[in-house]
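For clarity, every value in this text was computed on a predicted model and none was experimentally measured.
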2 protein chains.
Amino acid sequence: MSSIATLNDVAKLANVSKMTVSRVINHPEQVTDELKQLVFKAMKELNYQPNFAAKALAANTTRIIKLIILEKVDTVEPYYATLLMGVAQFLNGHQYALQVVTQKNAGIGDCDGYIITGARQSDFEWIQELNRPTILFGENRHNYDFVDSDNKYGTFLATSAAITDGYEHIIYFGIELKESFEYSRERGYMGTMQKAGRDPQIVRFGNHSSESQNYIQEHWQEFEKNTCFVCSSDRLAIGVERGIQHMNGNIPEDFGIIGFDGVFLDQIAEPKLTTVKQPVMDMGSKSAELLLQKINWGLPLTEDHQPTRTHRMEIAFSPELIRRQTTRNYHLT
Amino acid sequence: MSSIATLNDVAKLANVSKMTVSRVINHPEQVTDELKQLVFKAMKELNYQPNFAAKALAANTTRIIKLIILEKVDTVEPYYATLLMGVAQFLNGHQYALQVVTQKNAGIGDCDGYIITGARQSDFEWIQELNRPTILFGENRHNYDFVDSDNKYGTFLATSAAITDGYEHIIYFGIELKESFEYSRERGYMGTMQKAGRDPQIVRFGNHSSESQNYIQEHWQEFEKNTCFVCSSDRLAIGVERGIQHMNGNIPEDFGIIGFDGVFLDQIAEPKLTTVKQPVMDMGSKSAELLLQKINWGLPLTEDHQPTRTHRMEIAFSPELIRRQTTRNYHLT
DNA sequence: AACAATTCTGTTACCGATAACATCAACGAA
DNA sequence: TTCGTTGATGTTATCGGTAACAGAATTGTT
């Protein structure tokens, strides 16, 4: 029951120097196959795990990545929690530590890079002060690299499904926010409607189920049967669902509902929501991967520590339509 | 725009040796006030932040705490997410890194200690193999230190409130699980009922809203008006709420509902749930604090790395009854 | 065969902090 | 005065890795 094995232990067992072992790990092409085999054997035998702190110290880095979650403090959105798991998973596998912070604590310790989620227009003022590689989670108009789902494609999927399912009227319930992701979703809806020769109709709300629910109830007489509500979030969709149920509307026969996000809320609803599901966990992993690339690629840094590049990275994950109980054809899936 | 200041920088500026600076931080009583002032001034001037990795390496520790979340992988409970934020907050302030892992990855790297949440009876087999200080999140019968809410007191609060509000029948909807926390909650309910001379009635379900909803609908004729359902989770409570709504029961006049947890789900419900709210974030912070105590107290370690103590630590946070719209007297709060 | 070029492997120094030890000054007791 | 004691500060070695350099062995060239 000895303690954790070190480079030195491996080196002794393999009868080589520390440096050779280090090279086997970091520059294997510089070591002969013969020695490599010896070293691999020793590593396996001792179950060698490189020491995180020593690596960081030697490389003059922190090996800490900060995930900044910008949100009101009281509740944590399951969306962000899932994202976090994705980020954590990737970083764990690459000997990086994850530090979860809110804006308030963001500046406190040093780190090698940032992943920022939930950024609004007003946040970019301080975000640009960060002098470390940064990846945003969510599309933006500020030339920052980002990972997001393909929002436009998402509402295309939803709107197309509504059309396919034979709903005559298709209304978009958007989020009242001047943010890039919302514009993209609205464009996806508008484009699909126009191509199909349909009349688009958009209403916007704060992102709370109560707002969409109230709207449904107060404007109930305006909604004809055979209407589908394409929503920009599962929250709004839940509100729509409740509103329709309250007015004794028939879901999904007379009224269809399609949400957006597919994290937790869609499953909580009853009947369960048809929704545009984002692969949030994968997106989290990818954000981390991209960030590590930026950190390690050794791109030339300007004096404000931003790499000099001509193009930014934009990774858009394709969302997926999950058909459940709030649209027709549920049985066909 | 120099890089991060080190001990050495501070030492030079203050005209002392590194060791003196280190001592000012770790053993201030060994340094004269005069020098201390000089050092403090230099630290402030350079905005000195100790280097995490160097600290870890010198102390032969990892300064990594693993938070093991035992749960099905697909969705992350908001409950655990909130807990995580609490843990993260405390650790960030104490120069410890948090690593979020699932059971599968739990063994992979080294760490200084574990916080485990969601542990079931069957998990204790491998938990006891962990040779590092451990804190469980959630009461248990295995002599592990833990942090939890006072479950018994929670159902006491709920049951008392139901009595106070004048509900004649009070039924407990429990979770079908042979776990300590559930027993405690049931005891809280039973004890309060008996003291009040009431007839207790307990039904148990898997922790899914559909199960409690179905039960309500299928047994609807058995429930007299003026009944309150005290539930062991907000999930079950949401199911009860939907079931009653589906049967056109009147909430809260004829039927009261009280949930348990107070994280996210209670706010999602409509009408919003009266619930027993746990201070999950504080509980997370406290878990981290306790764990660091165990790690640093330097308790004598037996050869399996468990400190030799005669008593275990049990920290029970008092939950709080949040009155909302599923019980009477909502307006009185 | 002699020497340069090319591999390959080992040695040294260092990253930033800390424990253990060494040094030095001030002071009191004999 | 001299020596031991105490308290404050500096010096050295170390944690586990890695870059940079040094040295040894192999190969190629004329």
Side-chain angles (χ1 to χ4, degrees), chain A residues 2-40 42-43 46-64 94-97 109-112 295-296 298, chain B residues 2-39 42-43 46-64 94-97 109-112 296 298:
Chain A
S2 62
S3 60
I4 299 287
T6 72
L7 255 199
N8 231 327
D9 300 331
V10 176
K12 272 184 211 151
L13 185 59
N15 255 309
V16 296
S17 72
K18 291 203 312 184
M19 225 22 241
T20 301
V21 180
S22 173
R23 272 192 277 255
V24 168
I25 295 168
N26 300 302
H27 311 283
E29 75 285 357
Q30 299 177 8
V31 182
T32 54
D33 288 347
E34 192 185 11
L35 282 192
K36 256 186 289 203
Q37 293 315 319
L38 280 177
V39 170
F40 281 137
M43 293 202 316
L46 297 173
N47 185 30
Y48 171 71
Q49 305 277 136
N51 181 302
F52 168 87
K55 254 183 127 100
L57 188 57
N60 247 329
T61 62
T62 63
R63 292 193 87 83
I64 291 174
H94 292 255
Q95 289 263 313
Y96 273 82
D110 195 15
C111 69
D112 291 350
I295 292 172
N296 296 322
Chain B
S2 62
S3 61
I4 299 287
T6 71
L7 254 198
N8 231 326
D9 302 330
V10 176
K12 272 183 211 152
L13 184 60
N15 253 310
V16 297
S17 72
K18 293 200 314 182
M19 225 23 240
T20 301
V21 180
S22 173
R23 273 192 276 255
V24 168
I25 295 167
N26 300 302
H27 310 284
E29 75 286 356
Q30 299 177 10
V31 183
T32 53
D33 288 348
E34 194 184 8
L35 282 191
K36 255 187 288 202
Q37 294 316 317
L38 281 176
V39 171
M43 294 202 317
L46 297 173
N47 185 30
Y48 171 72
Q49 304 276 136
N51 181 303
F52 170 86
K55 254 182 126 101
L57 188 56
N60 248 329
T61 62
T62 63
R63 294 194 85 81
I64 290 173
H94 292 256
Q95 290 261 313
Y96 272 83
D110 196 14
C111 69
D112 292 350
N296 297 322

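Following rounding to the nearest Å, A:M19 (CE) and C:dC14 (C1') show an atom-to-atom distance of 13 Å. The nearest whole Å value for the distance from the CG atom in B:D33 to the C1' atom in D:dT9 is 15 Å. D:dG17 atom P lies 11 Å from atom CG of B:D110, rounded to whole Å. As rounded to whole Å, 10 Å separates atom C1' of D:dG16 from atom CG of A:D9. Computed from coordinates, the B:L7 CG to D:dT12 P distance equals 18 Å when rounded to whole Å. Nucleotide D:dC15 holds its C1' atom 14 Å from the CD1 atom of A:I4, rounded to whole Å. Between A:N26 atom CG and D:dA19 atom P the separation is 6 Å, expressed in whole Å. Atom CG of A:L35 is separated from atom C1' of C:dT7 by 13 Å (rounded to the nearest Å).
Atom CD of A:Q95 sits about 8.0 Å away from atom CG of A:N51, to the nearest 0.5 Å. Here A:N15 contributes atom CG and A:L38 contributes atom CG; the two are 8.0 Å apart, rounded to the nearest 0.5 Å.
The phosphate of C:dG16 has OP1 or OP2 within less than 4.0 Å of a side-chain N or O from A:N60. Contact annotation: B:H27 side-chain N/O to D:dA8 OP1/OP2 distance is not under 4.0 Å. Phosphate proximity of C:dG10 to A:T20: present, with a side-chain N or O under 4.0 Å from OP1 or OP2. Contact annotation: B:N8 does not reach the phosphate of C:dA17 (side-chain N/O to OP1 or OP2, under 4.0 Å). Side-chain nitrogen and oxygen atoms of A:T32 include at least one within less than 4.0 Å of the OP1 or OP2 phosphate oxygen of C:dT9. Regarding contacts with the backbone of C:dT9, every side-chain N or O of A:S17 stays at 4.0 angstrom or more from both OP1 and OP2.
Looking at the side chain of A:R23, the nearest of the listed nucleotides D:dA20, D:dA8, C:dA19 is D:dA20. For A:V31, the side-chain atoms get nearest to C:dT9 when compared with the rest of D:dT11, C:dT9, D:dT9.
Within residues 46-58 of chain A, the residues having any heavy atom closer than 4.0 Å to DNA chain C are, in order of number, A:L57, A:A58.
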May I have the list of side-chain donor-acceptor pairs in residues 5-12 of chain A shorter than 3.5 Å, sequence neighbours left out?
| unit_1 | atom_1 | unit_2 | atom_2 | d |
| --- | --- | --- | --- | --- |
| A:T6 | OG1 | A:N8 | N | 3.2 |
| A:T6 | OG1 | A:D9 | N | 3.3 |
| A:T6 | OG1 | A:D9 | OD2 | 3.4 |
| A:D9 | OD2 | A:T6 | N | 2.9 |

Quiz prompt | Stepwise side-chain contact (heavy atoms from CB on, under 4.5 Å) test for A:D112 and A:I64 | solution = CA-CA 6 Å; A:D112 291 350; A:I64 291 174; over 6 Å; no

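Considering all non-hydrogen atoms of both residues, A:N296 and A:Y96 come closest at OD1-OH, 3.7 Å. In plain terms, the two heavy atoms of A:A53 and B:L57 that are nearest each other are CB-N, 4.1 Å.
Below the 3.5 angstrom threshold, one finds no donor paired with an acceptor across the side chain of A:K18 and the base of D:dG16.
For the pair B:K36 (side chain) and B:P28 (backbone), a donor-acceptor distance under 3.5 Å is present. For A:R63 (side chain) and A:H94 (main-chain N/O), a donor-acceptor pair under 3.5 Å exists by modelled atom type.
Comparing A:I25 and B:E29, the nucleotide of DNA chain D nearest to each residue sits closer to the 5' end for B:E29.
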